[in-house]
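Numbered from 1 within each chain, the chains take letters A, B, ... in sequence-line order.
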Amino acid sequence: MAAPSTPLLKDELDIVIPTIRNLDFLEMWRPFFEQYHLIIVQDGDPSKVIKVPEGFDYELYNRNDINRILGPKASCISFKDSACRCFGYMVSKKKYIYTIDDDCFVAKDPSGKDINALQQHIENLLSPSTPLFFNTLYDPYREGADFVRGYPFSLREGVPTAVSHGLWLNIPDYDAPTQLVKPRERNTRYVDAVMTIPKGTIFPMCGMNLGFNRDLIGPAMYFGLMGDGQPIGRYDDMWAGWCTKVICDHLNLGVKTGLPYIWHSKASNPFVNLKKEYKGIYWQEEIIPFFQAVTLPKECTTVQQCYLELAKQVKAKLSATDPYFTKLADAMVTWIEAWDELNPTGDVAAKLPNGAAK
Amino acid sequence: MAGVTPLLKDELDIVIPTIRNLDFLEMWRPFFEPYHLIIVQDGDPSKVIKVPEGFDYELYNRNDINRILGPKASCISFKDSACRCFGYMVSKKKYIYTIDDDCFVAKDPTGKDINALEQHIKNLLSPSTPLFFNTLYDPYREGADFVRGYPFSLREGVPTAVSHGLWLNIPDYDAPTQLVKPRERNTRYVDAVMTIPKGTIFPMCGMNLGFNRDLIGPAMYFGLMGDGQPIGRYDDMWAGWCTKVICDHLNLGVKTGLPYIWHSKASNPFVNLKKEYKGIYWQEEIIPFFQAATLPTECTTVQQCYIELAKQVKTKLSAVDPYFTKLADAMVMWIEAWDELNPSGDESAKLVNGSAK
């Protein structure tokens, strides 16, 4: 229980939900989500009508809307893949985004109490991160914790938190080979920790239960080219996570992982997943070292500048791996152009709250 | 439990520094009794430390340390638990577990007593994953695995050199924090073991610590603290910074998290502030030093890495305070003493799999 109560931020946060089926899962989330504005991104057949449960305030976009709004730039938004959710980030006007999958439900903590995942994400985003030195007692800003002996005092202010990466009980986020080999494994371990991922360390980001500060890092949250007409799938959130972490490290922003948990109910089909991930299994062996070695020039002080520079490097260094990366690099640029068109306050919205980077 | 954790009773020594008594061992008896203890008695050597019945042990007081090391004994701290590293040096085992005499058996959330030693052994016997971050923590734990996006080529992991456990009840805070928050207790049981990523250093605590002596032993020098020294309570942290830099260089892993012990005694914060005072300022320079430290590829053994580090400490930190010149010299002396007492030379300190990275 937090000492002061966590602000609702109900006029500062949008919940972005990609869906192709229905939104029945929202009934379970109602106590926690009802105050918030939803942005529903309807994937797949635009003629299907997605019913939104009564009482929710929302805007809904299907493929026709995306094409209409972005025109030719719509090509950067994936079709037939939940990666399309990033369109929701782009059209949002709020400071914070929470995104969740439609097969994710309210989990219970070890005491049996329902977990308000959104509240925990807000706590994570409103408190600083500590990427510059490792704290062995995890998040020092949590109630009942602090920095340990040996933690430099000059680093105890922390840095602004850009991303809050939540986890999942029940069906864990495994890749296809692991799902095929261990179909019965369930994540039953509740780890009561929030922690900052250290600077210089990239991570495999999952989009199922994710919060971020759109002002601080929004333009980096492009979920790539997946699904229809693309050679790969299930690398959308991870691509965004690698780009985001490199940029956060450069701009001295923090990424947290850990609490909150949601209950992931549906195991996707591992045979289908293997088809989607197949090329990625090989490509990630090149992609990871690429991101681990990336450096951004000092002159890149906004997220957009960092992202465009990254796109350049992707094109230069990963195209040899596959022509897909040339397409992806171009789509990254298209994304930024579209973002800036739809968010014309330009630099102001994407710079750090305190001005200059680093 | 998937497999049964090996006892390793002939491969592991438990090193305990003490100045008071060893009553705490009674509570640990079910878990510690099979093991050989190395007691390092600090303070007045004429005091007799009673070891509870039934434990197999060797005990060293200051006279013993002086006798065994001769002039090199000056590298071993006096009137500070840092003297414990003498125990690491004289051990002949592959693994070390060290614990403070105010640390007791903790209970897990189900109320069951935690066998801390068993968890450390599990941690040390399974690989680490410093090269990429796994969001589900230790992938080798039962019921866990690598998550989607974790490169397959990295799933073998690297050998684990260090297992850093945590503490319930009295947390390991520095003096200012203790003064400001005297009532805070760590009640949060975090059910995770995780590898500290490569390139990230951390504040190591020696209260509940396991390590593979063959892989990293010579780096576990706890520095010059206590009597005649300008600083205290930086012993384990100094060892931790050196150890992590060397582990990163040699592609070894450092884990932190479980197991928990119950830390019963809060040290006096006024005394602690005196000890830590200079460190509060010095660590502002020390940390960037370690974060920037690189070791040449020619350094392929722990001793070589450590001697090189000592050189860099002397060059780069002496400007902060002459203490660091003394410390750098003591680091060299420590390695000389280590090699004398462990004359199998390179063998015991090279990586299990040969060449370093």
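Both the backbone and the side chain of A:P152 have a heavy atom closer than 4.5 Å to some heavy atom of chain B. For B:P176, the part lying under 4.5 angstrom from a heavy atom of chain A is the side chain only. Neither the backbone nor the side chain of B:Q178 comes within less than 4.5 Å of any heavy atom in chain A. With a 4.5 Å cut-off on non-hydrogen atoms, B:L136 touches chain A through its side chain but not through its backbone. For B:Y189, the part sitting under 4.5 Å from any heavy atom of chain A is the backbone (N, CA, C, O) and nothing else. At a 4.5 Å heavy-atom cutoff, the contact between A:S154 and chain B is made by backbone and side-chain atoms alike. For B:D236, the part lying near chain A is the side chain, with the backbone staying farther off; criterion is any non-hydrogen pair under 4.5 Å. Both the backbone and the side chain of B:T135 come within contact range of chain A, judged by heavy atoms closer than 4.5 Å. No part of B:R183 comes within reach of chain A, as not one of its non-hydrogen atoms sits under 4.5 angstrom from that chain. Heavy-atom distances place the side chain of B:I287, and not its backbone, under 4.5 Å from chain A.
Note that the CZ atom of B:F133 and the OG1 atom of A:T257 stand 5.5 Å from one another [nearest 0.5 Å]. To the nearest 0.5 Å, atoms OH (B:Y281) and CZ (A:F153) are separated by 9.5 Å. In this structure, B:F132 CZ and A:T201 OG1 are separated by 10.0 Å, a value rounded to the nearest 0.5 Å.
Judged by distance alone, the side chain of A:Q292 and the main-chain N or O of B:L131 form a donor-acceptor pair under 3.5 Å.
For chain B, the option among A:R234, A:R186, A:M195 with the highest count of heavy-atom pairs below 4.5 Å is A:R234. Here B:E284 is the residue among B:Q291, B:K181, B:E284 with the most heavy-atom pairs under 4.5 Å with chain A. The most heavy-atom pairs under 4.5 Å with chain A, out of B:Y173, B:Y137, B:W167, come from B:Y173. Residue with the most contacts toward chain A among B:G240, B:P171, B:G143, B:P130: B:G143 (heavy-atom pairs, distance under 4.5 Å). Note on A:M238, A:Q284, A:R142, A:R189: by heavy-atom pairs under 4.5 Å with chain B, the leading option is A:R189. Ranking A:L167, A:N187, A:L155, A:N135 against chain B, the residue ahead of the rest is A:L167, based on heavy-atom pairs under 4.5 Å.
Heavy atoms only, all atoms of each residue included: A:P204 and B:R148 are closest at CB-O, 3.4 Å. Nearest heavy-atom pair across B:P197 and A:P198 is CG-CG, 3.9 Å. Of all heavy-atom pairs spanning B:D174 and A:R156, the tightest one is OD2-NH2, 2.6 Å.
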Go through B:V190 and A:V191 one step at a time and tell me if the side chain to side chain contact (heavy atoms under 4.5 Å, CB included) criterion holds. CA-CA 5 Å; B:V190 178; A:V191 178; 3.6 Å; yes
Exercise for the section: Decide side chain to side chain contact (heavy atoms under 4.5 Å, CB included) for B:V147 and A:F203; before the verdict, give the C-alpha distance in whole Å, the side-chain angles of both, and the deciding distance to 0.1 Å. Expected result: CA-CA 10 Å; B:V147 297; A:F203 76 116; over 6 Å; no
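Within 6.0 Å of OH on B:Y277 lie no more than 12 heavy atoms contributed by other residues, nucleotides or ligands.
Using a 4.5 Å heavy-atom cutoff, the side chains of A:F147 and B:T177 are not in contact.
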